[in-house]
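Just below is one structure, and these are the notes that go with it.
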Amino acid sequence: MGRRRPRPNKNRRDEKGYKAHVKENKLFEKYYKELGFVPEEEWDAFMNALREPLPITFRITSFGGETEELKKLVKTEYIGKLLEEKSESDKPKVICLPWYPDELGWQLNSSRQEVRKDARFEKLKTFLLQETESGSISRQEAVSMIPPMLMAVKSHHKVLDMCAAPGSKTAQLIEYLHNTPDNQIPEGYVVANDVDNKRCYLMTHQVKRLNSPCCAIINHDASYLPNLRYGDGPREFVKYDRILCDVPCSGDGTLRKNQDIWSKWTPNQGINLHGIQAKILKRGLDLLEVGGRLVYSTCSLNPVEDEAVIAGMLQKCEGTVELVDVSEEIKNLKYTPGLSYWKLMTKDGSQFFDSYESVTNYTHFQPSMFAPSKEESEKLNLHRCMRVLPHQQDTGGFFIAVLVKKATVPWQQKKEAKLSEQKDKSEANGGEVKDNKMEEGNPSEQTAKEDEGTKKRPAEEDEDLNPKPSKQVTRRLHGYKEDPYIFMDEKDPMWEPIRNFYGIPEDFPRNQIMYRAENGQRRTLYFVSSAIRDLVRRNNDRFKFINLGVKIFGRSKSPLVPDCDYRIAQEGLVTMKSMLQKRALVLSREDFILALTKENPLFKEFSADGISKFQGIDTGSIALLYKGSESGSRPACDLVICGWRGKTSLRAFINHGLRFHYLRLFSEKLAEELAIHMEERKQQKKDKEKTTEEEGNVELDPEENTGVDQTDVDSEMTRGERKEEDDGETVDDVVDGCDNDTGDRCTDGQTDECGT
């Protein structure tokens, strides 16, 4: 009997026992070779890059006085030596992204496995974890940083992110919005939307780190996104100056990270998503102000999801929207110009079609998926689109197109003409025109030819109705039932004790303070900008607001402070620090460090100046300031933390991430010493618990002498926030995590749940 021939092992596993992905897909290679946007001499480099793991990238938060200090720290303490070393692939271990401004974007040219094993990266990994928690650094894929950059956001702009989760791009937009002199509250705002309720809470976690009063997170289907009312008129609706339209896609540009796509990719994925992508883009143009800018992006390389969507919409807009050239706005970025000609391939790869007329026996192909004529392509300037290929600068694949609205789009012109005609007829008859569904803020009408191929009922034409979202979308819109946002009344008696205790000026806009408890105690007070307040006030019953505002006070009743039941929240200090005229102390460098390093330092441990200041203020919540800009020593920026002035001691009320962040700005050695001290305390606590268990006598730790009822501190949070608190993050999460917008949203198995 002959030897049995070994069969190929379809379930190959790597050294850790995980199933190994076969990084090969014949259909993928056949399709993109035929399209030809990758030159033949670069094809091997293109495919090899797709099979390599994606580099780790991060960016430094670009607003606030700490940006320059943190940039110096990154370059000197963490990557200075690494800049001179080479990785296994003979590339520099760390590079500064050449196209990201002000040296704020960085890339590690090492695999995740190499980062885990190399002890030289241990310090950097810890740094990334702690600074991400404090909001000073964002882990984000390099190509995901491009669309917000091209939006050219200014502080007065009204900005909409249509498919925002998980929120990295939204955070970037908020940073650009807050680039104001002296950290003033911007006039504009960011509205971040996503169709998936659970992903909205993931986005909340991202955005909350920036402590902005100018952001609102909503939960709606982007293709049917209702109009937001503003002002007091029945037909005053928001038109946005900037819109980011980062649509759900097949995600084949993320093959380096989402390796499941290798086995699942088919050309039909892009074809199936083309319709919803066009709907979202069309709705975005509806909501865009004339003269405004919309950025359309995908993490797909497929022209059916990219140029075809843009070309089809430009043709419908009939010259009212222009595709603009932004190559001068992002220098040193390598990319391929947009295509003017492409083909479509059948699912099995047996046939290619270059026009709709040549299609036979395939009903899922639509005319809008094919390239326009050569003359039409030149008129549309499709070459102004940008396609980033993985091998060009060691990134993921990405597509970006920037549109400017020059005039009202044709379908809006028809609608406005119809409304004007109705108004004229009504006035002629001595009556008033009915606002119909327009008053309810429904999206613009969708014609049968544009969307589903079904004829509208006459009633829909008269009332300008929109097709309702599918049952599947409706189910995703449901989720946690949040309490409504209630704004404080001008004459609310609860504000006076707070104002008097902290010395807040009388002209402080108390009507921008809100809470979420209709009945019972108001445990947390939030603050929003005047523009966000107006939006919520006019739309609270029509929109599902998931999160907005920044926490400024939390209820913390103490018998030692009978005059005020509320303590300052760290999140709101950026907004409130100049308002706390009675409860703000400026400390010296040494005293500020002492407050950060010790849990409950006694007053006698501080300098004579510090003791004098503590003695001159009553027990209770206080703000502690460090004026680095005036000291001439490191750090040369102003810092502020909230604390509690007890009977004989002081306590800083900040989380570990922020504590490490501030100490690191003073000295890296201080942060390292604190880490060692915390580890020792943690071990002591474990030993104590083990001893008490063995003795069968578990004792509770004594209360701190601050006089604060800790059960009431920060006890109010939304259900989504409680979920966030449960989702802990580890150092490896920072290295492996997908805190970017081109990751888990676009894989085939998640197309249903991602974006919109």
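The residues of the chain are indexed from 1 along the displayed sequence.
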With a 3.5 Å distance limit and no angle check, can you tell me whether [X] reaches the backbone of [Y] through a side-chain donor-acceptor pair?
{"X": "Thr61", "Y": "Ser136", "answer": "yes"}
{"X": "Thr180", "Y": "Gln184", "answer": "yes"}
{"X": "Asp246", "Y": "Cys163", "answer": "no"}
{"X": "Asn219", "Y": "Val195", "answer": "yes"}
{"X": "Asn539", "Y": "Arg229", "answer": "yes"}
{"X": "Thr57", "Y": "Gln140", "answer": "yes"}
{"X": "Glu289", "Y": "Tyr240", "answer": "no"}
{"X": "Gln512", "Y": "Val528", "answer": "yes"}

Does a donor on one side chain and an acceptor on the other come within less than 3.5 Å for [X] and [Y]?
{"X": "Thr298", "Y": "Glu305", "answer": "no"}
{"X": "Thr408", "Y": "Gln412", "answer": "no"}
{"X": "Arg209", "Y": "Ser138", "answer": "yes"}
{"X": "Thr170", "Y": "Gln206", "answer": "no"}
{"X": "His661", "Y": "Glu133", "answer": "no"}
{"X": "Ser212", "Y": "His178", "answer": "yes"}

Roughly how far apart are [X] [atom1] and [Y] [atom2], rounded to 0.5 Å?
{"X": "Met145", "Y": "Glu141", "atom1": "CE", "atom2": "CD", "value": "9.0 Å"}
{"X": "Leu70", "Y": "Ile60", "atom1": "CG", "atom2": "CD1", "value": "5.0 Å"}
{"X": "Arg283", "Y": "Asp221", "atom1": "CZ", "atom2": "CG", "value": "11.0 Å"}
{"X": "Ile243", "Y": "Asp286", "atom1": "CD1", "atom2": "CG", "value": "9.0 Å"}
{"X": "Ser297", "Y": "Phe398", "atom1": "OG", "atom2": "CZ", "value": "4.0 Å"}
{"X": "Cys642", "Y": "Gln570", "atom1": "SG", "atom2": "CD", "value": "4.5 Å"}

Side-chain heavy-atom pair Met313, Lys282 within 4.5 angstrom cut-off: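 Yes, their side chains come closer than 4.5 Å.
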Validation row: Asn540, Tyr485 side chains within 4.5 angstrom (heavy atoms):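 Touching, per the 4.5 Å side-chain cut-off.
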Pi-cation contact, [Y] with [X] (under 6.0 Å, within 45°):
{"X": "Arg387", "Y": "Tyr335", "answer": "no"}
{"X": "Lys71", "Y": "Trp106", "answer": "no"}
{"X": "Arg522", "Y": "Tyr515", "answer": "yes"}

Side-chain ion pair, [X] and [Y], N-O less than 4.0 Å:
{"X": "Glu329", "Y": "Arg293", "value": "yes"}
{"X": "Arg384", "Y": "Asp325", "value": "no"}
{"X": "Glu187", "Y": "Lys154", "value": "no"}
{"X": "Asp161", "Y": "Lys169", "value": "no"}

Verdict with reasoning, Cys214 to Leu177, per side chain to side chain contact (heavy atoms under 4.5 Å, CB included): CA-CA 9 Å; Cys214 306; Leu177 186 77; 4.0 Å; yes
Sole candidate of Leu160, Ile217, Leu225 that passes side-chain contact (heavy atoms from CB on, under 4.5 Å) when paired with Val191: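 Of all the options given, the one that passes is Leu160.
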Phe508/Trp495 aromatic ring centres below 6.0 Å: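 Here the rings of Trp495 and Phe508 have centres that are less than 6.0 Å from each other.
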Pair Met386-Phe399, side chain to side chain contact (heavy atoms under 4.5 Å, CB included): steps then yes or no: CA-CA 6 Å; Met386 307 168 74; Phe399 175 86; over 6 Å; no
Trace of the side chain to side chain contact (heavy atoms under 4.5 Å, CB included) decision for Val409 with Val321: CA-CA 7 Å; Val409 290; Val321 173; 4.0 Å; yes
Trace of the side chain to side chain contact (heavy atoms under 4.5 Å, CB included) decision for Arg523 with Arg516: CA-CA 9 Å; Arg523 295 188 179 276; Arg516 304 198 71 172; over 6 Å; no
